[in-house]
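Positions are given from 1 along the sequence.
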Amino acid sequence: MSRAVVYPGRLQGSVVLPCSKSQAHRLLICAALAPGVSRVRNVQMNDDISATLGALSALGAAVQINGEEIIIDGSALFSAPQSRIDCKESGSTLRFLIPIAAAGGISAQFTGSGRLPQRPIGIYLGCLPKAGVRCASQGGLPLKIEGQLRSGVFTLPGNVSSQFITGLLLALPLLPGDSEIRLTTPLESSAYVDMTIDAMASFGVTVRREATGYSVPGNQRYAPRDCTVEGDWSQAAFFLCAGGLGGDLLLRGLRPDSLQGDKAAAELFARFGAQLRWEADGLRVSGGQLQGIEADASQVPDLVPALAATAALAQGVTRITGAARLRLKESDRLAAMAQGLHRLGCRVEELPDGLVIHGTKLLQSGCVNGCNDHRIVMAFAMAALRSGGPVEISDAQSVGKSYPHFFDDFIQLGGNAHVVHMG
């Protein structure tokens, strides 16, 4: 365990964003589903990507890590009749690979750590047994599955995690028959599903969007290929926050035409009053007169911690809604941000699905709980730049889940932070 002590200051300079964790998961899995050798480039390892690579290895794929290039041969995928898959704390790994293992007819046991065993998987417990897969679970992890997934119609709500839809989309083309995913409610976080369909298409697999969901032709084959992961807009949000709070930063590695839903961060921070412009080398962000905004986060829930940190230092009131699912992440992110900002002297009201934040000119010095949640820790590190004294954040090691070098980059940009390891 470790804690970070972050001092007031200003970030300036250039930073290369780590690879998109969301895109990396999808491309690596598609590569493993392709019989033959694929190379996935620009992959910076973190705990979640490591979990996915370990899971793919457990399912029989040959995985070689060569710096920031991952070489995957999926020729022997599903060759082992039984697998034990440790998803660590990665919800994406778990929810993507359950139906994939079932499509391969694998008897698999899924385990995890942190809050993952308590995170919902009930959607699969409801639909997979109807399609030939026996599931043994007490409602979470550990989960044991047996049997061969059958093609057919899969009905599920669209306002749960899009990870369930992605898992089915990745798996169903492997089956001999055609399948359909029918959504009973409007789809939230739709950009993540778009990313999945785009990744599949790049490996030669097609999905048809329908009025009620998705049509997935069966008997398809993933074709091996080489590809490159783009920079992560979800992580960019924290530096957009730092820039808006008075910094001057050039964010490199981002694509303005990205399918990542969190690309909406650029528009949201511009609405706060941050100054953004595209340059030849990347996106430049600098400070402005920040004003509170209204934000519906139903399509971009991962942005909420960074938005909340910014709102705390914007004039007026910010109202964030549509984020009820954040209560089921690595922490209850709505409660974590509300409690931490309150401890730093900011008035915050919790809503069932969001936050109402009353901005202040300067946060107080103090101690906040990072809740063993990478996005909470990074959000408070940026908020501390505009505090009256040092801010101590617990669980600093949790940034390893998505951005192990976060504090190194923070310091390289002129931030004053000390990470203290305990025990």
* **Any side-chain donor near an acceptor of the partner, Asn66 and Glu68, under 3.5 Å** => no
* Under 4.5 Å between any side-chain heavy atoms of Tyr192 and Arg26, yes or no? -> yes
* To do: Could you pull out the closest heavy-atom pair between Leu259 and Asp194, with the gap in Å?
  => CD1-O, 4.1 Å
* Structure fact -> In terms of heavy-atom contacts, Gly147 and Arg134 come closest through N-NH2, 4.1 Å
* To do: Mind telling me whether Phe410 and Phe407 have parallel, tilted or perpendicular rings, with 30° and 60° as the class edges?
  => perpendicular
* How about Tyr403 and Asp232: does a side-chain donor come under 3.5 Å of a side-chain acceptor? -> no
* Asked: So which heavy atom on Ser202 is nearest to which on Leu27, and how close?
  -> OG-CD2, 4.2 Å
* Is there a donor-acceptor contact under 3.5 Å linking the side chains of Glu230 and Ser258? -> yes
* **Closest heavy-atom pair and its distance - Val377, Ser394** => CG2-O, 3.7 Å
* Does the side chain of Thr185 come under 3.5 Å of the side chain of Asn159 through a donor N or O and an acceptor N or O? -> yes
* Out of Ser162, Ser161, Ser189, which residue meets the side chain to side chain donor-acceptor pair (under 3.5 Å) rule with Arg325? -> Ser189
* Asked: If every non-hydrogen atom of Gly112 is compared with every non-hydrogen atom of Leu116, which pair is closest and at what distance?
  -> CA-CD2, 4.1 Å
